[in-house]
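Notes follow the structure.
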Amino acid sequence: MIDIKAYRDAPERFSAGARAKQVAVDFGRLGALDAERRRLLTDIETRKSEQNRLSKEIGPQLGQLKGRLKGLAEGSAERAAVQSQLSELEAAPLALKNQIAVLEEEFRRIEPEWESILMTVPQPPATDVPVGASSDDNVELRQWAPAGFDPARGFMACRGFAPRTHLEIVKSHRMADFERGVKMSGTRHYILTGWGMRLQQAVLRMAFDMMTNENGFTPIGVPVIVQEQCMVGTGFFPAGREQAYHIEESRRGAGHDLFLTGTGEVGLMGIHAGEIVAESDLPIRYTTVSTCFRREAGAAGKDTAGLYRIHQFEKVEQVVVCRADDAESRQWHKTMIGFVETLLQRLELPYRLLQCCTGDLGVKNEDMIDIECWMPGRGELDAKGVPQGAYGETHSASRLGDFQTRRLNLRYRDANGKLQFPYALNNTVCASPRILIPLLEIHQQADGSVRIPEALRPYLGGAAEIRA
RNA sequence: GGUAGGGUGGCCGAGUGGUUGAAGGCGCCGGUCUUGAAAACCGGUAGGCCCGUCAGGGUCUCGCGGGUUCGAAUCCCGCCUCUACCGCCA
C-alpha cells in the first residue's frame with residue numbers, strides 16, 4: 001500500500017508509476033473520494049467532540065434524574081416533571097447523535113471504495129528501472145555459464161549430441177509420473193518418483209543449508225495456509241486473488257476463509273505484521289522451504305507439458321527486512337542475488353540476469369531482477385525437430401520499498417525515536433521441480449545418463465550420476 | 001468434539017455504564033542528590049487518523065467486528081485466540 005499522504009503531496013509520482021506499470025487506477029476518483037472522506041471525518045469528529053463535551057457536562061445529571069425516576073410513582077406529577085426535564089436535557093446530545101449517524105453512513109458508503117482504490121495503487125518503479133511494456137523490454141545484465149558451455153552456440157555444438165527434453169529424461173529414468181498425478185489431482189499435477197524425488201530433496205536441502213550455514217539467514221518454518229489479511233498484507237491481494245487457492249471454511253460455518261500461499265514470502269513477511277521491532281533487530285534475514293500453491297489462472301495452454309508450470313511445488317525463499325534506506329536496500333538486493341548466483345554456479349547451470357522493465361514489474365515491487373537458467377529442451381525446434389534451447393525463469397529478486405511493510409503495519413523505531421516502515425526484499429533461492437529442468441537437461445550425457453554436479457553429491461549419498 | 005474460565009498500555013495488574021487513554025507497580029528515559037554508581041526523590045514514558053505553516057487542538061483504539069445507550073474497558077451478539085479438564089487421535 002502506498003502512503004496516502006505521499007500521494008496527496010505528489011499524486012503525479014503515483015499516476016506516472018501506475019502508467020509505467022500498465023496498471024489501470026482511477027486516480028481522479030481516488031482524489032475525489034479522499035477529499036470527501038476527509039471532509040466527512042472532520043465534520044464527524046467535530047460533532048463527536050461536542051457530544052463528548054455535552055456527555056461529560058450533563059451525564060451525571062441524567063444519571064441522577066433517572067435514579068429519581070425509579071422511586072416515583074407511575075403517573076405522578078413529580079414523575080412527569082422529572083421526565084420532561086430528562087427529555088429536555090437529552091435533546092441536544094440526541095440531535096448530535098442523529099447528525100453523526102447520517103454523516104457516518106455517508107462515510108461508510110465511500111470508505112470501502114476509497115480503500116479498495118488505494119489498495120490497487122502500485123508501488124512506483126524505482127527511477128532507474130528501464131521503461132518498457134512487457135518482458136520483451138527487459139534488459140540483460142550479464143550471463144554466466146560453466147567452462148566449456150556456451151548457450152549461444154547451442155547444446156549440440158558444445159556437447160556433441162542432440163539434447164533430450166526433461167520430459168524424455170524424466171520418463172526414461174522414471175523420475176516423474178504425470179498421468180497418475182493428473183488422475184489424482186487434475187491438470188498440472190505430477191508425482192515425483194525415485195531419483196526425481198531424491199534430486200528435488202537434495203537440491204532444496206543444498207539451497208537451504210547454504211542460506212542458513214553460510215549466509216547467516218534464520219531458518220523458519222511457516223504456515224502455507226493463511227487468513228486473508230496475510231495475503232492482503234503481503235500485497236498478493238486484491239490484485240492476485242484469482243491466483244490463490246481459496247478454502248471456503250466460512251461456508252461450513254467457520255469464522256474465516258483460508259488461502260494457500262503461492263510462496264514462502266507470505267509466511268515469512270507475515271511473522272512480524274503489526275509489530276514494532278527494534279532497529280537493532282534489523283536487518284531481519286529469514287529463509288524457509290515451503291510448499292507453494294498456484295492456480296495459474298489465465299495461463300491455460302501455456303507450458304502445459306512437464307515440470308515447468310504446475311500447481312504445487314517446493315521453494316526455498318529468502319526475505320530481508322532492512323532499514324528504510326534506499327542504498328541499503330539496493331545493497332541487499334545485490335547480496336541476495338549473489339547467493340543465487342553462487343548456488344547456480346555450484347550446480348553448474350548456465351544463467352543470465354535480467355533487469356525487468358517497468359511493464360514487467362508486479363504491483364508491489366519497485367525493482368525486480370529475474371534470473372533465468374538456460375534450458376536445452378526449451379525453445380523453437382530446428383529442421384530436425386531438435387529444440388534450440390532457451391532461457392526460462394527460475395528466480396526472481398524484488399525490492400519492495402515500504403509497500404509491503406506499510407500494508408503489514410510492520411515498523412521499527414529509528415535513532416531519532418521516529419517510527420518507520422522498513423524496506424522489504426525477497427528472492428527465490430531454489431524452486432523445485434522447475435530447477436530440475438535445467439539440472440537434468442544440462443547435465444545429461446550422450447548415453448542417456450545424467451551427471452550429478454559435485455556440489456550436489458553429498459546430498460545424494462555420494463552418487464555421481466543417474467543411470468537407467 | 002464437549003465443558004469451564006480468560007484476553008486491559010513494553011510487562012504485571014486494578015477497574016462491571018458517566019472527566020478511565022485507563023489507578024498502582026515494574027521496566028525504560030530525563031533530572032536532583034553523589035567524587036562516581038546504587039538508593040531515594042521529582043518529572044516523563046502507546047499508536048492510528050483528521051484539522052493546523054508552527055504551537056497546538058480533535059477523534060478513535062482496553063483481542064477483532066457489530067449492536068444497545070445521551071454516554072461502553074464495563075451490557076448484548078458473532079468471530080479470533082489462550083488456559084484447564086474430558087473425549088478422540090498422528
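Lettering of chains follows the sequences in order, A, B, ..., and the numbering in each one begins at 1.
- Using Watson-Crick or G-U wobble geometry with both donor-acceptor distances under 3.5 Å, B:A22 finds no partner in any strand shown.
- Counting to the nearest Å, the P atom of B:U53 and the CG atom of A:D9 are 13 Å from each other.
- Of the P atoms belonging to B:C76 and B:G57, the separation is 37 Å, rounded to the nearest Å.
- On the C1' atoms, B:G66 is 14 Å away from B:A72, given to the nearest whole Å.
- Remark: A:R399 fails to qualify as a cation-pi partner of A:Y423 under the 6.0 Å distance and 45° angle criteria applied to the six-membered ring.
- Under the 6.0 Å cut-off for aromatic ring centres, A:F259 and A:F237 qualify, their centroids lying closer than that.
- Looking only at atom types and distance, the side chain of A:T428 has no donor-acceptor partner in the side chain of A:K315 under 3.5 Å away.
- When both distances must be under 3.5 Å, the Watson-Crick or G-U wobble mate of B:C75 is B:G67.
- Pairing partner, B:G43: B:C29, with both Watson-Crick or wobble hydrogen-bond distances short of 3.5 Å.
- For the pair A:N52 and B:G58, the criterion of a side-chain N or O lying under 4.0 Å from OP1 or OP2 is not met.
- Taking atom CD on A:E105 and atom P on B:G67, their separation rounds to 11 Å, with Å as the unit.
- Exactly one of A:M175, A:R180, A:R174 qualifies for a side-chain contact (heavy atoms from CB on, under 4.5 Å) with A:D177. That residue is A:R180.
- Taking the P atoms as reference points, B:U34 lies 46 Å from B:U16, given to the whole Å.
- Separating the CG atom of A:L94 from the P atom of B:U69 is a distance of 10 Å, rounded to the nearest angstrom.
- Nucleotide B:U61 holds its C1' atom 11 Å from the NZ atom of A:K48, rounded to whole Å.
- Note on A:K97: a side-chain N or O is less than 4.0 Å away from OP1 or OP2 of B:G71.
- B:G9 and B:C62 are spaced 10 Å apart, taking the P atom of each and rounding to whole Å.
- One interatomic measurement links the two molecules: CG of A:L40 to C1' of B:C51, which rounds to 14 Å at whole-angstrom precision.
- For the side-chain contact (heavy atoms from CB on, under 4.5 Å) with A:Q318, the qualifying choice from A:L268, A:N426, A:N427, A:N215 is A:N427, the only one to do so.
- Take the nearest nucleotide of RNA chain B for A:Q227 and for A:I44: the residue whose nucleotide is more 5' is A:I44.
- Going from the P atom of B:A14 to that of B:G63 covers 15 Å, rounded to whole Å.
- Here B:C89 sits opposite no nucleotide as a Watson-Crick or G-U wobble pair (both hydrogen-bonding atom distances under 3.5 Å).
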request  = Using the side chain to side chain donor-acceptor pair (under 3.5 Å) rule, take A:S432 and A:Q200 through it: C-alpha gap first, then chi angles, then the decisive distance, then the call.
outcome  = CA-CA 6 Å; A:S432 181; A:Q200 163 155 293; 2.7 Å; yes
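- As rounded to whole Å, 13 Å separates atom P of B:G9 from atom CD1 of A:I276.
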Look for any protein N or O under 3.5 Å of an N or O in nucleotides 48-50 of chain B and output each such pair with its distance, or none.
{"residue": "B:G48", "atom": "OP1", "partner": "A:R411", "partner atom": "NH1", "Å": "3.4"}
{"residue": "B:C50", "atom": "OP1", "partner": "A:R8", "partner atom": "NH1", "Å": "2.9"}
{"residue": "B:C50", "atom": "OP1", "partner": "A:R8", "partner atom": "NH2", "Å": "2.8"}
{"residue": "B:C50", "atom": "O2'", "partner": "A:T42", "partner atom": "OG1", "Å": "2.8"}

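- Atom C1' of B:G47 sits at a distance of 36 Å from the matching atom of B:C33, rounded to the whole Å.
- Pairing for B:U3 goes to B:A84, judged as Watson-Crick or G-U wobble with the two contacts each under 3.5 Å.
- When the C1' atom is used for both B:C50 and B:G67, the distance is 26 Å, rounded to whole Å.
- For the P atoms, the distance from B:U69 to B:C79 is 23 Å, rounded to whole Å.
- Between A:H272 and A:Y286, the gap from one ring centroid to the other is short of 6.0 Å.
- Side-chain contact of A:H166 with A:Y308: a donor-acceptor pair under 3.5 Å is absent, judged by distance alone.
- We find that CG of A:L258 is positioned 10 Å from P of B:C80, with the value rounded to whole Å.
- At the heavy-atom level, A:R413 lies under 4.0 Å from the strands shown only through sugar-phosphate atoms.
- Atom CG in A:L408 sits about 20 Å away from atom P in B:G47, given to the nearest Å.
- Each of A:R109, A:K48, A:Q99 was evaluated against A:E104; a single residue qualifies, A:K48, per the side-chain hydrogen bond (donor to acceptor under 3.5 Å, both in side chains) test.
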